[in-house]
Amino acid sequence: MSVDVIVGVQWGDEGKGRVVDFYARDYDVVARFGGGDNAGHSLVVRGETIALRLVPSGILQPHAELFIGGGCVVNPRTLIDEFALIGKHGVDPQRVSLSDRAHVVLPAHVEADLRREAERGTQALGTTGRGIGPAYADRASRVGITMRRFCDEAESPEAKLLAPHVVDGVAYVHERLERGARILAEGAQGTMLDVVYGTYPFVTSSSTIAGGACTGLGVGPKAIGRVIGVAKAYCTRVGAGPFPSELENRDGEHLRKQGREFGTVTGRPRRCGWFDAVAARYAVRVNGVDAVALTKLDVLSGIERIGVVTAYASDGRVETHYFDGWEEDVRGVRRIVDLPRSAGTYVQALQRLLGVPVELVCVGPERDQLAQ
Ligand code: IMP
């Protein structure tokens, strides 16, 4: 029996959706284990790009069942809108099941999120404004509303639409595991936004690390098999908080422009910087990462010297190691060994710094632009 886990090792937006889509072909179920509609992933469905927030990225694999686990918080309106959207693109919403233990994000949570952010003024966290923090706070305060209760008690049309999707989440997962099904647990956000192990208090309110797959799906640690860490070839961050490798110069602009680094949910420009090997190594530890999928390598083409932050100094400064850049277009490369020499050296250096193999490299935005 096995649950493999895919997590982001940076501040979210690592391109996990693409990576999940690639690995999902070998799995029977793709399951979200935490977060809510603060997450955003763009997927190309039958030639058209759609943005999803709650439905797992596994939807592109027609055989895969999709599951939203008990560790998630669900805004009913968002999910119903997503069902309509995927239905329009020929994907059957019946494939999506929802744990009875997931919590409901209510309009009052969204209002509280926006109000608290406004009250914080210049100290604002830069949340996505989706009510995620207040919904998790209510869960911890034992006044939240589970999906089971929402569907049993609420008379609203939303509850009636979602009720057929709500299942006993623990039975759902374990019956499948007992049958020998393979489950891929899809993380949301990234390790550095984890509520405990991230850059607190500039974090989200859920457990985004691999351990969160146990609590978010209701499985024991021994059920976890491989852990894949997704790292972008450089770093980005949305919202406030520490970002040691941030670049507020031409290189940062290049990354933002070439990488189209604007939020899927909020449209906000993302802060951009060099690959932070200190943060990524930390993430490899707290997640128990077995292998790394490196995304958006193509965005670095054309940068003369590429930096990697290798140490933090006590005065708040960082040590940056520079690598030769490359001019070549890498989008046609399908084997990691065929990368241009400088790009190959860069990937090998990251591998050495992280101490785990890089087994997949995304070299362009299209679904097949992957090197192994
Ligand atoms: P919240 O999750 O909306 O409470 O936001 C808390 C912090 O997490 C903010 O800095 C957000 O920008 C960040 N955040 C939440 N979801 C994502 C995501 O999917 N990608 C990147 N950052 C996120």
Side-chain angles (χ1 to χ4, degrees), residues 6-20 32-43 51-57 68 71-75 78 82 103 105-106 108-120 122-140 144 186-209 212 216 230-232 234-243 246 255-256 259-273 276 279 283 295-296:
I6 293 186
V7 285
V9 301
Q10 295 158 331
W11 282 271
D13 307 315
E14 294 93 350
K16 292 178 293 296
R18 273 287 294 299
V19 174
V20 168
R32 284 267 313 256
F33 61 83
D37 62 357
N38 49 347
H41 32 280
S42 309
L43 296 170
L52 295 177
R53 290 162 181 171
L54 280 166
V55 173
S57 309
I68 298 174
C72 296
V73 290
V74 175
N75 183 320
T78 309
E82 269 181 29
H103 272 243
V105 179
L106 299 166
H109 292 136
V110 176
E111 281 160 27
D113 193 1
L114 296 172
R115 192 178 59 245
R116 281 177 208 169
E117 280 287 273
E119 282 165 7
R120 285 189 195 110
T122 55
Q123 306 298 312
L125 301 177
T127 72
T128 58
R130 302 256 156 198
I132 304 300
Y136 277 114
D138 274 0
R139 187 183 76 171
E186 169 180 346
Q189 291 88 39
T191 303
M192 303 313 286
L193 290 174
D194 181 86
V195 65
V196 178
Y197 297 99
T199 49
Y200 191 89
F202 299 98
V203 292
T204 190
S205 298
S206 61
S207 175
T208 62
I209 60 174
V230 185
K232 192 146 60 179
Y234 51 96
C235 273
T236 60
R237 167 160 211 169
V238 197
F243 184 7
E246 185 166 14
L255 296 173
R256 190 172 303 113
R260 292 187 294 276
E261 297 294 354
F262 297 89
T264 319
V265 173
T266 59
R268 290 181 285 180
R270 296 177 184 145
R271 298 158 67 192
C272 295
D276 182 339
T295 62
K296 291 189 144 181

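As a basis for the values below, the full set of heavy atoms in this structure was taken, side chains included, without hydrogen atoms, waters or symmetry mates. None of these values were measured; they are calculated from a predicted model. We count ligands from 1, going down the list as the structure has it; atoms in each ligand are counted the same way.
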>> Any non-hydrogen side-chain atom of Val238 less than 4.5 Å from a side-chain atom of Arg270?
In response: yes

>> For Asp276 and Gln10, which I'm curious about, is there any donor-acceptor pair between the side chains at under 3.5 Å?
In response: no

> Is it the case that Asp113 and Thr127 place a side-chain donor and acceptor less than 3.5 Å from each other?
Replying inline: yes

> With backbone taken as N, CA, C and O and side chain as the heavy atoms from C-beta onward, which portion of Arg268 lies under 4.0 Å from ligand 1: side chain, backbone, both, or neither?
Replying inline: side chain

> Who gets closest to atom 7 (C) of ligand 1 by heavy atom: Val195, Val238, Val203?
Replying inline: Val203

>> I need the atoms of ligand 1 closer than 4.0 Å to a non-hydrogen atom of Trp11, numbered in the order shown.
In response: 21 (C), 22 (N)

> So do the side chains of Arg268 and Thr128 get within less than 4.5 Å of each other, counting heavy atoms only?
Replying inline: yes

> Would you say Arg120 has more than 12 foreign heavy atoms packed within less than 6.0 Å of its CZ?
Replying inline: yes

> In terms of atom number and element, which parts of ligand 1 are under 4.0 angstrom from non-hydrogen atoms of Gln189?
Replying inline: 15 (C), 16 (N), 17 (C), 18 (C), 19 (O)

> Is it true that atom OH of Tyr197 has more than 12 heavy atoms of other residues, nucleotides or ligands lying nearer than 6.0 Å?
Replying inline: no

>> Yes or no: does Ala188 have any heavy atom under 4.0 Å from an atom of ligand 1?
In response: no

> Does ligand 1 have any atom that is closer than 4.0 Å to a heavy atom of Arg130?
Replying inline: no

>> Tell me the nearest of Asp113, Leu125, Asp37, Thr127 to atom 4 (O) of ligand 1, using heavy-atom distances.
In response: Thr127

>> Quick check: do Arg237 and Phe202 have side-chain heavy atoms less than 4.5 Å from each other?
In response: yes

> Out of Asn38, Thr204, Leu193, whose heavy atom is nearest to atom 14 (N) of ligand 1?
Replying inline: Leu193

> Which atoms of ligand 1 are found less than 4.0 Å from any heavy atom of Asp13?
Replying inline: 20 (N), 21 (C)

> Below 4.5 Å, heavy atoms only, C-beta onward: do Val9 and Glu14 meet side chain to side chain?
Replying inline: no

> Arg237: heavy atom below 4.0 Å from ligand 1, yes or no?
Replying inline: no

> Which of the atoms in ligand 1, numbered in the order shown and given with their element, are less than 4.0 Å from a heavy-atom of Gly126?
Replying inline: 9 (C), 10 (O), 11 (C), 12 (O)

